[in-house]
*Asks:* 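Take a look at this one; I'll ask things after.
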Amino acid sequence: MADSTYTDWIGRSETQHDTATLAPIAAMSATLDRDDAPPREGDALPPLWHWLYFLPQHRHSELGPDGHAKLGGFLPPVPLPRRMWAGGRLRFHQPLCAGEAIERVSRIANISNKQGQSGELVFVTVQHEVRNANGVAIEEEHDIVYREAPAPGAPTPPPQAAPGGGAFSRTIVPDPVLLFRYSALTFNGHRIHYDRAYVTEVEGYPGLIVHGPLIATLLLDLLRRERPQARVTRFAFKAVRPIFDLHAFSVHGQPEGEHGVQLWARDHEGFLAMTATAELA
């Protein structure tokens with residue numbers, strides 16, 4: 001599959017409009033087991049909670065067998081069976097506030113392919129600008145990876161040991177209720193997160209997969225619990241290894257310099273699952 005296959009898709013854009021309503025904010029707070037006051041109009045959204053808006057609203061007949069939208073639409077029709085959120089980079093210029101009208105302009109910035117140990121990979125980078133009445137609030141680059149289903153006995157990348165405990169940490173129990181609630185909040189129909197028979201029998205994973213953006217959200221939530229008054233100006237994260245609902249995992253943080261924080265997620269075996277950096281004002 002050559003890069004030129006999808007050259008025409010690079011530069012495609014779409015614009016979506018939404019309102020930062022209160023109910024998803026309260027529901028996310030409950031999902032993350034936070035003791036927040038009820039949200040009010042004008043409250044600043046925590047970083048990454050803009051993912052509660054601009055949700056995909058494909059008709060049921062437009063979904064594929066994995067619960068995702070069928071190939072095509074805004075994203076290129078990559079004919080590989082597995083699609084994952086690989087990572088992202090964000091700049092926070094100003095807060096989005098509850099109750100305000102918001103807009104997201106998305107553009108396909110790059111498409112590339114490579115051959116990995118498990119087969120062919122196609123990477124799609126989507127750039128987003130999220131705006132309110134005051135202008136651009138968030139700039140985001142979102143990395144999506146499409147991959148083949150690995151053949152039986154195919155080699156897997158060796159796991160990477162996670163750093164030590166860090167300055168602060170928290171244990172997360174990713175039970176099916178947590179995964180279902182996050183899927184519902186983000187209107188994510190991908191069956192790997194809630195359909196155990198599908199994820200184990202069709203895709204061959206050992207258990208339900210914890211959402212990459214949920215892990216990223218838990219990393220910044222850990223920072224918010226530790227430094228509730230801090231303002232995040234940049235955040236970058238990369239998924240390294242999947243986490244399943246079969247065991248607890250942990251999220252960790254370590255200050256670095258005057259404004260930086262290293263964040264990571266560690267699975268039950270001590271391996272690195274996600275790595276991230278945050279920059280504070």
Side-chain angles (χ1 to χ4, degrees), residues 13-32 34 36-58 74-75 85-109 124-144 181-190 193 211-225 227-239 261 263 274 276-281:
S13 65
E14 68 173 9
T15 300
Q16 295 177 280
H17 298 88
D18 208 337
T19 302
T21 53
L22 302 183
I25 301 171
M28 177 61 86
S29 180
T31 299
L32 299 182
R34 296 185 56 88
D36 293 330
R40 299 176 298 178
E41 290 194 1
D43 288 349
L45 267 65
L48 302 186
W49 288 31
H50 68 287
W51 289 341
L52 297 173
Y53 305 101
F54 311 108
L55 303 183
Q57 296 183 351
H58 303 285
F74 173 62
L75 293 172
W85 193 322
R89 295 154 300 283
L90 301 97
R91 295 178 63 189
F92 299 95
H93 298 287
Q94 57 172 310
L96 298 175
C97 294
E100 67 182 1
I102 50 179
E103 176 187 85
R104 187 180 73 180
V105 179
S106 304
R107 184 179 72 88
I108 296 178
V124 178
T125 299
V126 181
Q127 293 177 337
H128 304 289
E129 280 191 352
V130 182
R131 302 168 177 168
N132 58 14
N134 298 318
V136 176
I138 301 169
E139 291 181 282
E140 176 177 3
E141 289 187 332
H142 169 197
D143 298 329
I144 305 166
R181 293 176 97 181
Y182 189 79
S183 288
L185 269 173
T186 54
F187 206 51
N188 183 348
H190 201 183
H193 304 301
H211 315 64
L214 173 57
I215 300 172
T217 299
L218 287 165
L219 289 175
L220 277 190
D221 180 66
L222 172 70
L223 178 58
R224 186 175 168 217
R225 291 169 188 263
R227 298 187 180 182
Q229 303 305 316
R231 183 170 68 85
V232 177
T233 58
R234 292 177 181 264
F235 181 66
F237 67 100
K238 180 181 179 181
V261 181
L263 298 159
M274 180 173 285
T277 58
E279 186 176 308
L280 309 180

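Below, all heavy atoms of this structure are taken into account, side chains as well, without hydrogens, waters or symmetry copies. This chain uses plain numbering: 1 for the first residue, then up along the sequence.
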*Asks:* Give the C-alpha distance, both sets of side-chain angles, the deciding distance and a yes or no for side-chain contact (heavy atoms from CB on, under 4.5 Å) between H50 and I102.
*Replies:* CA-CA 10 Å; H50 68 287; I102 50 179; 6.0 Å; no
*Asks:* Start with the C-alpha distance between V126 and L75, add both sets of side-chain angles, then the distance that settles side-chain contact (heavy atoms from CB on, under 4.5 Å), and finish with yes or no.
*Replies:* CA-CA 9 Å; V126 181; L75 293 172; 3.9 Å; yes
*Asks:* If we check salt bridge (Lys or Arg N to Asp or Glu O under 4.0 Å) with E139, which of these qualifies: R234, R91, R104?
*Replies:* R91
*Asks:* Would R34 pass as a cation-pi partner of W49, given that its NZ or CZ must be under 6.0 Å from the six-membered ring centre and within 45 degrees of the axis?
*Replies:* no
*Asks:* For R40, does the CZ atom sit with more than 12 other heavy atoms under 6.0 Å from it, leaving out its own atoms?
*Replies:*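 Open: at most 12 neighbouring heavy atoms sit under 6.0 Å from CZ of R40.
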*Asks:* Give the intermediate values and the outcome of side-chain contact (heavy atoms from CB on, under 4.5 Å) for residues L220 and L263.
*Replies:* CA-CA 8 Å; L220 277 190; L263 298 159; 4.1 Å; yes
*Asks:* Nearest 0.5 angstrom please: Q127 CD to I108 CD1, how far?
*Replies:*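 Atom-to-atom, Q127:CD and I108:CD1 are 11.0 Å apart.
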*Asks:* Please find the pair of heavy atoms, one from W85 and one from E140, that lie closest to each other, and give the distance.
*Replies:*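 So the minimum-distance heavy-atom pair works out to CZ2-OE2, 4.1 Å.
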*Asks:* Hey, mind stepping through H190 and S183 against side chain to side chain donor-acceptor pair (under 3.5 Å) and telling me if it holds?
*Replies:* CA-CA 8 Å; H190 201 183; S183 288; over 6 Å; no
*Asks:* Could you pull out the closest heavy-atom pair between R89 and A236, with the gap in Å?
*Replies:*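 Distance-wise, the nearest heavy atoms are CG-CB, 3.9 Å.
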*Asks:* Would you mind telling me which of N188, T217, L185 makes a side chain to side chain contact (heavy atoms under 4.5 Å, CB included) with W51?
*Replies:*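 Single pass found, and it is T217.
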*Asks:* Does a side-chain heavy-atom distance below 4.5 Å link P47 with F235?
*Replies:*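 SC-SC contact between P47 and F235 ruled out.
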*Asks:* L45 and A20: which non-hydrogen atoms are nearest, and at how many Å?
*Replies:* CD1-CB, 4.5 Å
*Asks:* Could you tell me which non-hydrogen atom of L55 sits nearest to which non-hydrogen atom of F187, and how far apart they are?
*Replies:*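 Answer, listing the atom of L55 first, then F187: CD1-CB, 3.9 Å.
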*Asks:* Report the residue from D221, L32, T31 that forms a side chain to side chain contact (heavy atoms under 4.5 Å, CB included) with L214.
*Replies:* L32
*Asks:* Just by modelled atom types, is the I25 backbone N or O under 3.5 Å from a matching donor or acceptor in the S29 side chain?
*Replies:* no
*Asks:* Would you please test I138 and H128 for side-chain contact (heavy atoms from CB on, under 4.5 Å) and show each step?
*Replies:* CA-CA 8 Å; I138 301 169; H128 304 289; over 6 Å; no
*Asks:* Between Y182 and H211, what is the ring plane arrangement, given parallel below 30°, perpendicular above 60°, and tilted in between?
*Replies:* perpendicular
*Asks:* Is there a side-chain contact between V232 and L90, using heavy atoms and a 4.5 Å cut-off?
*Replies:*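 Counting from C-beta outward, V232 and L90 never come under 4.5 Å.
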*Asks:* Identify the heavy atoms of P56 and T186 that sit nearest to each other, and give their distance.
*Replies:* CD-O, 4.2 Å
*Asks:* Quick one: CZ on F54 to CD on Q16, what's the gap to the nearest 0.5 Å?
*Replies:*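 Answer for the CZ-CD pair, F54 versus Q16, is 7.0 Å.
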*Asks:* Working to the nearest 0.5 angstrom, can you tell me the gap between H17 NE2 and T15 OG1?
*Replies:* 6.5 Å
*Asks:* If I compare all heavy atoms of P95 with all of E100, which pair ends up nearest, and what's the gap?
*Replies:*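 Closest heavy-atom pair between P95 and E100: O-OE2, 4.2 Å.
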*Asks:* Using modelled atom types and a 3.5 Å cut-off, is there a donor and acceptor pairing between side-chain atoms of Q94 and backbone atoms of V136?
*Replies:* yes
*Asks:* Quickly, which of L96, D18, V105 forms a side chain to side chain contact (heavy atoms under 4.5 Å, CB included) with V130? Name it, please.
*Replies:* L96
